[in-house]
Each structure stands twice: as C-alpha cells, then as structure tokens.
Amino acid sequence: MNDCIFCRIIKGDIPSAKVYEDELCYAFKDINPQAPAHVLVVPKKHAASVLELGEEDKALLGHIQLVIGKLAKELGVSETGFRVMTNCGSDACQSVKHLHYHLLGGVQMSEKMV
Ligand code: 5GP
Ligand code: ZN
C-alpha cells in the first residue's frame, strides 16, 4: 500500500534502522524508542491489525513470534525480560494501521498494562 508508512519502510522507500528481514517479516528500530531496546516487527503482508488476518495467516503469525524470540536474544534482553505488544484500534492508541509488534526491553517495566 503506497499510503502506508510501514509498507514504504519495508519497500525501502523510507529509511529505517533494520535489525532483521526475511521473506515474511521485517524488523526495525522504533523512531521514538520507549525503552533502551525498542524494535517493531511487522509482517510484509499489509494488514491493519490481527482483525484482518485469517486461518491462512496462522503460519505467518507463528513465524513472527519465533522471530521475536530470536531478536530478543540478539538484542540481549532474553535473560532480563522483555515485553511484546500490539496496539489494535483507537482505545489502544494504534497510530500506524499496519500490524506491528513492539518488542521492548532493557529496562524494568511497570506491572501495569494500561
Ligand atoms: P502504534 O502506536 O501504532 O502501536 O506504534 C507505532 C510506532 O511506530 C510508534 O512507536 C512510532 O514511534 C513508530 N513509528 C512511526 N513512524 C515511524 C517511522 O517512520 N519510522 C520508525 N522507525 N518508526 C516509526
Ligand atoms: Zn502497510
């Protein structure tokens, strides 16, 4: 999608600090990090959120979870802990309408989720 900022990042039209890429997903540093380690993991397939995915995307979603685990190790937060989050819709303040998973770590986080 030409008007989607993350699709443009995946295509390379907008620069990003890439940390990982394979045929299904792309990961890059968040431009406004909320933790010492803050990476966004996005499927290359455009979908606004999990609400737009279906049975045919099960393998993609599982793959992304495994990539997140691999990146947590590479980023050095697998031992200390990390948080994985996806915002969906207005109550969750989703600002970019392309499914993405925040991988946050490197700091003691609050027990509170909201
Ligand atoms: P959301 O609020 O939708 O869950 O998260 C969107 C995230 O994308 C935010 O944390 C924001 O900082 C990040 N972001 C928005 N635009 C860009 C960009 O152009 N480059 C990078 N690297 N991150 C972006
Ligand atoms: Zn997109």
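Heavy-atom basis, side chains included; hydrogens, waters and symmetry copies ignored. Whatever order the structure lists ligands and atoms in, that order sets their numbers, starting from 1.
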- Task: Check the hydrophobic clustering (I, L, V, M, F, W, Y; side-chain heavy atoms under 4.5 Å; chains of links allowed) and say if Leu99 and Met1 are grouped together.
- Result: no
- Query: Can you hop from Val39 to Leu24 via hydrophobic side chains spaced under 4.5 Å?
  - Reply: yes
- With the side chain counted from C-beta on, respond yes when Cys93 and Asn87 share a heavy-atom pair under 4.5 Å apart, and no when they do not. no
- Query: How many degrees, to 10°, between Cys4 SG and Cys7 SG as seen from the Zn ion (ligand 2)?
  - Reply: 120°
- Task: Provide the atom name of the closest N, O or S atom of His46 relative to the Zn ion (ligand 2).
- Result: ND1
- Task: May I ask you to check whether His100 and His102 place their ring centers less than 6.0 Å from one another?
- Result: yes
- So which of the N, O or S atoms of His98 lies nearest the Zn ion (ligand 2)? ND1
Give me the pairs of N or O atoms, one from ligand 1 and one from the protein, that sit under 3.5 Å apart.
| residue | atom | partner | partner atom | Å |
| --- | --- | --- | --- | --- |
| ligand 1 | 2 (O) | Cys93 | O | 3.3 |
| ligand 1 | 2 (O) | Ser95 | N | 3.4 |
| ligand 1 | 2 (O) | Ser95 | OG | 3.0 |
| ligand 1 | 3 (O) | Ser95 | N | 2.7 |
| ligand 1 | 3 (O) | Ser95 | OG | 3.1 |
| ligand 1 | 3 (O) | Val96 | N | 3.0 |
| ligand 1 | 3 (O) | His100 | NE2 | 3.0 |
| ligand 1 | 4 (O) | Asn87 | ND2 | 2.7 |
| ligand 1 | 4 (O) | His100 | NE2 | 2.9 |
| ligand 1 | 4 (O) | His102 | NE2 | 2.8 |
| ligand 1 | 5 (O) | His100 | NE2 | 3.0 |
| ligand 1 | 5 (O) | His102 | NE2 | 3.3 |
| ligand 1 | 10 (O) | Asp30 | OD1 | 3.2 |
| ligand 1 | 10 (O) | Asp30 | OD2 | 2.5 |
| ligand 1 | 12 (O) | Asp30 | OD1 | 2.5 |
| ligand 1 | 22 (N) | Lys29 | O | 2.9 |
| ligand 1 | 22 (N) | Ile31 | N | 3.3 |
| ligand 1 | 23 (N) | Ile31 | N | 3.3 |

- Message: Taking atom CD as the centre, does Glu79 end up with more than 12 heavy-atom neighbours from other residues, nucleotides or ligands that are less than 6.0 angstrom away?
- Response: no
- Transitive ILVMFWY side-chain link Phe82 to Leu71, under 4.5 Å: yes
- Any chance you could measure Thr80, atom OG1, to Leu75, atom CG, to the nearest 0.5 Å? 10.5 Å
